Amino acid sequence: MPELPEVEVCRQGISPHLCGNTVTDVIIRHKQLRWPVSDEINKIKGDNLLSVERRSKYLLLRFKQGTLVIHLGMSGTIRVLDGFPEIKKHDHFDLMFSNNKCLRFNDPRRFGAILWFDQHVDKQGLLAKLGPEPLSEGFSMGYLFDKAKNKKVAVKTFIMNSHIVVGVGNIYANEALFLAGILPLTPVNKITKARFDKLTQIIKEVLAAAIKQGGTTLKDFTQTDGKPGYFAQKLNVYGRAGKKCVVCETILEEIRQSNRSSVFCPNCQG
DNA sequence: AGGGCGACCTGAGGGC
DNA sequence: TGCCCTCAGGTCGCCC
């Protein structure tokens, strides 16, 4: 998936093409995403798109009548296209707009979601229990240190928990821990304030840099205009197990935590 | 209550 | 070539 930077780049990419335009058609080709896509979405035909916002990795398309929430799951992409181009495999959903643009959702694995909320989307179900945005002031050393008190969970699992902080996926969790010099298995109650301070700053820097550079391109992410992002070339550890550390040339090691791969430098991280 | 892990789904890549 | 296995950017919900 799209981690937070990719979703934010996507938001910035689609927003200027669509905001202020009216929905002329809603086309649901495959309802079975993570949750069934509701026919209720058809009610936005004729409604005007007010804004495209983001909370965590959820895109929020605001309409007068409510909010369309889109999550890209592991393999989802959305593109803004001119007119109504040929439908390709896994193109599950389209929103047609009055300026002849088509917002098209493609998702091979169908872990993504398209949900309608009449109101109060921020306080309902999915979005209600999320932690702070990593790039907000609410995500600070003090906050993280407080949340870590009396917990022995591994720091990588901790920073990937959306109830603690949203938007830190597997790539950036690995990268941030490398740059902060912390082993991914370290129990959070053993981490000092100074190291949490460093980790907090690094997470903000890594995510902000990735957004600035247009997101990481892996298998399925391309920006909405089709140009690839180019953060991948700057990855220090993710996808580099068995290769040399870019700092000290020690061979990078790989373990699995919560069924996700963690790659680290046993020399630089300790 | 907190933490671990199976589940959801398709496709790519490696080994045999 | 083909089959079978593992792995992939997420995260919910059930289990202990």
Side-chain angles (χ1 to χ4, degrees), chain A residues 1-11 29-37 54-59 69-78 88-93 105-115 124-131 134 146-177 184-189 203 206-207 210-211 213-223 228-235 237-242 254-263:
Chain A
M1 155 185 206
E3 293 200 26
L4 185 144
E6 287 78 3
V7 178
E8 176 59 20
V9 169
C10 182
R11 186 196 71 75
R29 281 184 213 90
H30 199 134
K31 289 190 173 195
Q32 279 66 52
L33 301 183
R34 173 156 201 152
W35 296 283
V37 180
R54 180 188 59 74
R55 172 73 172 110
S56 183
K57 297 170 191 168
Y58 298 93
L59 286 169
V69 175
I70 300 178
H71 195 289
L72 301 175
M74 290 277 263
S75 57
T77 52
I78 54 175
K88 305 230 171 101
K89 199 172 187 185
H90 308 303
D91 282 342
H92 303 314
F93 179 86
F105 175 88
N106 180 289
D107 186 7
R109 294 177 76 180
R110 285 187 278 119
F111 290 172
I114 298 177
L115 299 168
Q124 267 175 287
L126 289 176
L127 303 184
K129 290 174 285 184
L130 295 175
D146 191 53
K147 282 283 178 186
K149 271 182 190 157
N150 306 319
K151 291 200 179 80
K152 55 189 181 189
V153 64
V155 62
K156 177 161 179 272
T157 308
F158 183 68
I159 61 173
M160 290 183 71
N161 181 343
S162 64
H163 300 314
I164 303 297
V165 57
V166 301
V168 183
N170 200 36
I171 294 179
Y172 298 113
N174 277 296
E175 294 302 309
L177 289 171
L185 279 173
T186 312
V188 291
N189 60 3
I203 287 172
V206 165
L207 294 177
I211 291 169
Q213 295 174 42
T216 303
T217 300
L218 291 177
K219 286 193 185 89
D220 7 270
F221 178 74
T222 50
Q223 289 188 47
Y230 46 89
F231 194 60
Q233 65 200 26
K234 301 194 82 169
L235 297 177
V237 288
Y238 181 83
R240 297 195 64 245
E254 179 167 25
I255 56 172
R256 290 191 79 76
Q257 291 177 267
S258 308
N259 214 24
R260 311 301 296 276
S261 75
S262 300
V263 185

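Every chain is numbered from 1, with letters handed out A, B, ... down the list of sequences. Computed from a predicted structure; not experimentally measured. Basis for what follows: all heavy atoms, side chains included, without hydrogens, waters or symmetry-related copies.
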Original post:
Given A:Lys57 and A:Glu6, is the side chain to side chain contact (heavy atoms under 4.5 Å, CB included) satisfied, shown in steps?
Top reply: CA-CA 9 Å; A:Lys57 297 170 191 168; A:Glu6 287 78 3; over 6 Å; no
Expressed in angstrom and rounded to an integer, what is the separation of [X] atom [atom1] from [N] atom [atom2]?
X	N	atom1	atom2	result
A:Asp107	B:dT10	CG	P	11 Å
A:Asn170	C:dT11	CG	P	12 Å
A:Glu6	C:dA8	CD	P	17 Å
A:Met160	C:dA8	CE	C1'	12 Å
A:Asn259	C:dG13	CG	C1'	16 Å
A:Leu130	C:dC12	CG	P	8 Å
A:Asn106	B:dT10	CG	P	13 Å
A:Leu33	C:dC12	CG	C1'	15 Å

Subject >> Any donor-acceptor N/O pair under 3.5 Å between C:dA8 base and A:Arg260 side chain >> reply: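 Looking at the base of C:dA8, it does not pair with any donor or acceptor on the side chain of A:Arg260 (distance under 3.5 Å).
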**OP:** Look at the side chain of A:Arg110 against the base of B:dC9 and say whether a donor-acceptor pair falls under 3.5 Å; ignore hydrogens and angles.
**Re:**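 When only heavy-atom distances are counted, A:Arg110 does not reach the base of B:dC9 through any donor-acceptor pair under 3.5 Å.
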May I ask you to evaluate whether [X] reaches the phosphate of [N], defined as a side-chain N or O under 4.0 Å from OP1 or OP2?
X	N	result
A:Lys151	B:dA1	no
A:His90	B:dC9	no
A:Tyr172	C:dG9	no
A:Arg256	B:dC5	no
A:Ser261	C:dA8	yes

Starting the side chain at C-beta, find the nucleotide from [options] nearest to [X].
X	options	answer
A:Lys57	C:dG10, B:dG11, C:dA8	C:dG10
A:Leu126	B:dG4, C:dC12, C:dA8	C:dC12
A:Lys89	B:dG11, B:dT10, C:dT11	B:dG11
A:Val153	B:dG3, C:dG9, C:dT11	B:dG3

Original post:
CG of A:Asn150: more than 12 outside heavy atoms within 6.0 angstrom?
Top reply: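 It does not: A:Asn150 CG has 12 such atoms or fewer within range.
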Subject >> Watson-Crick/G-U partner (both atom distances under 3.5 Å) of B:dG6 >> reply: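 Partner of B:dG6: C:dC12.
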**OP:** Establish, from distance only, whether the side-chain atoms of A:Asn170 and A:Lys156 form a donor-acceptor pair under 3.5 Å.
**Re:**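 Short answer, yes.
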Between [M] and [N], how far apart are the [atom1] atoms? Round to whole Å, please.
N	M	atom1	result
B:dC5	C:dC7	P	15 Å
C:dC5	B:dA7	P	16 Å
C:dT11	B:dA1	P	24 Å

Give the minimum heavy-atom separation between [X] and [Y], together with the two atoms involved.
X	Y	value
A:Lys234	A:Gln213	CD-OE1, 3.3 Å
A:Val166	A:Pro134	O-CD, 3.1 Å
A:Asn259	A:Arg256	O-NH2, 2.7 Å

Subject >> Centroid under 5.5 Å and tilt under 30°, A:Phe111 to B:dC8 >> reply: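 So yes, this residue stacks on that base, both cut-offs being met.
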Original post:
Between A:Lys152 and A:Arg109, who's closer to the 5' end of DNA chain B by nearest nucleotide?
Top reply: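 Its nucleotide being nearer the 5' end, the pick is A:Lys152.
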Original post:
Which part of the nucleic acid, if any, lies within reach of A:Tyr58 when heavy atoms closer than 4.0 Å are counted: base, sugar-phosphate only, or nothing?
Top reply: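 Result for A:Tyr58 = sugar-phosphate.
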